[in-house]
Structure formats: structure tokens, C-alpha cells
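Presented below is the structure to which this report refers.
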Amino acid sequence: MSESYWIYAVGLAAQLLFSARLIIQWIRSEQSGRVLSPTIFWQLSLVASFLLIAYGILRDDPIIIFGQVISYFIYIRNLQYKGAWKLIPPYFKVIVLLFPIATILWLAGSTEHSWNDVIGNPSISNVLLIWGALGQIVFALRFVYQWYFSEKLKKSVLPLGFWIISMVGSLLIVSYGFFRYDPILILGQAFGIIAYARNIQIGLQAKKIKMEAKPL
């Protein structure tokens, strides 16, 4: 029982950081009247993703691991655009970059939390696995979408479509969390839905103001 509390503590720490990044981003966007992409949003995202990958391993949950590995390197790319990545000490960059790779290699050779345990977890049915994978794919695609826009503009941005995809993916993951009896996923995503909805509203308002400001 004490071990499960420790595992949940790791997941809760990750979700608190994810929530903190949204609160900061939300407040700054409210202040400016448009959706912003602050540097600290990506810094907290990277640390939280690091912890959530660890949580996914401890929970033998392939859905959590899969979703985080996809977005992990996109966080790094946004930090590069923000000029924050170059400020990180070289040795720490190596640790950050190698962590997902080391995780995969460790799972391949581990006897306690192996790939067989993760992929073949008996508490996750094939239907639930597919449903959870769909949610994580949609949720991860928001950062692929965000990455595409950022590469196109050569700067870190959070476009309106990012928040819409986030909302859809979050709802799917919440339902997966209910079936998995995972309070960490449910709590983390429940708060996110509120922030996503508000960012969609701010984005639409900013778009409307921009359209009205255009000369006829």
C-alpha cells in the first residue's frame, strides 16, 4: 500500500506541474488578451513529462509512456525557439535527451517493469488499450500540430487548433482514466479541460478583434 502511495505521488507531482504551466499560461493570456506561449510553459512541461514517463513505467501503463515520449521532444524544440535550451548546462541536456531512450532500453532488460509487463498488463483489456491509445494519439497530435505552426512561423506559438485538439484528447483520456481507476489522469485532465475551454474562447475573441480591425 505504501508503495502505491509513492507511485501516485510521482504521478501527482507531474500533474501538478502540468496544471501549473496551464495556470501561468492562462493568466498571462488573460492579461494580454491573446493566447501566449511563455517559456516557463515549456520548461514545466518538460519536467512534468519526465515525471509522468516514470509514473507510466511504475504503473505498467503503455498509454501514458507512449503519449509522453511523443510530446517530450516537442517541448525541447519549443525551448530551442524560446532561446532557453541553450541556457541549460550541457551535461543536463545529455540527461534530458537520453532519458526516453534509456527508459526504452531499461524496460527491454528489466525484470520488474519489462515491456511484457507494460504491453501485456492484464488490468488493461485490448478494447481499453485501443481507446486509451486513441486518446493519447489525439492528445499528442496537438503538439505535432503546434510544432508544425511553430516551425512555419519560426517561433513558439499555441494556435487555436492546439486547444481544440487538446479538449478532444483530454475528454478521451479522462474516460480512459475512469476505466483504469487512475485518479492521477482524471484530476490532471479535469483541470486541463477548463483551461483549454478558456484558451479557445480567448483565441476566438482575439481572432474576431483582428478580423474587425482589418480595413474593408
Euclidean distance, [Y] [atom2] relative to [X] [atom1], rounded to 0.5 Å:
X	Y	atom1	atom2	result
M167	I194	CE	CD1	9.5 Å
W163	I202	CH2	CD1	9.0 Å
I95	I88	CD1	CD1	11.0 Å
L12	L52	CG	CG	11.0 Å
K93	I76	NZ	CD1	10.5 Å

If we ignore hydrogens and angles and just use 3.5 Å, is the side chain of [X] paired with the main-chain N or O of [Y] as donor and acceptor?
X	Y	answer
K82	S37	yes
S49	S45	no
Q68	F50	no
Y81	V157	no

[X] side chain near [Y] side chain, heavy-atom distance below 4.5 Å:
X	Y	result
E30	R198	yes
Y196	L22	yes
V96	F92	yes
L36	L158	no
V174	I193	yes
Q189	F139	yes
F191	F18	no
V35	L160	no

Report, as yes or no, whether the 6.0 Å neighbourhood of atom NZ on K155 holds more than 12 heavy atoms from other residues, nucleotides or ligands.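 Count not over threshold, so no.
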
What heavy-atom pair brings [X] and [Y] nearest, and what distance separates the two atoms?
X	Y	answer
V138	L172	CG2-CD1, 4.1 Å
L17	V47	CD1-CG1, 3.7 Å
G33	A206	O-CB, 3.9 Å

Evaluate Q80 against K86 for side chain to side chain contact (heavy atoms under 4.5 Å, CB included), listing each step before the verdict. CA-CA 7 Å; Q80 290 175 335; K86 63 183 179 182; over 6 Å; no

Y145: which of F149, W147, Y148 passes ring-ring contact (aromatic ring centres under 6.0 Å, His included):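 Among F149, W147, Y148, the one that satisfies the ring-ring contact (aromatic ring centres under 6.0 Å, His included) with Y145 is F149.
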
Check for me, please, whether V94 and L87 land in the same ILVMFWY cluster - side-chain distances under 4.5 Å, paths through other members count. no

How are the rings of F143 and Y75 set relative to one another: parallel (under 30°), tilted (30 to 60°) or perpendicular (over 60°)? perpendicular

Mind telling me whether F162 and F41 have parallel, tilted or perpendicular rings, with 30° and 60° as the class edges? perpendicular

For Q15 and S19, does a side-chain donor sit closer than 3.5 Å to a side-chain acceptor?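 No, no side-chain donor-acceptor contact under 3.5 Å.
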
Assess, by modelled atom type and distance only, whether the side chains of S150 and S156 contain a donor and an acceptor separated by less than 3.5 Å. no

Walk me through it: do R142 and V168 pass the test side chain to side chain contact (heavy atoms under 4.5 Å, CB included)? CA-CA 10 Å; R142 67 185 181 146; V168 175; over 6 Å; no

Considering residues at least two apart in sequence or located in another chain, which fulfil the side-chain contact (heavy atoms from CB on, under 4.5 Å) criterion with I40? I24, R28, P38, Q43, L44

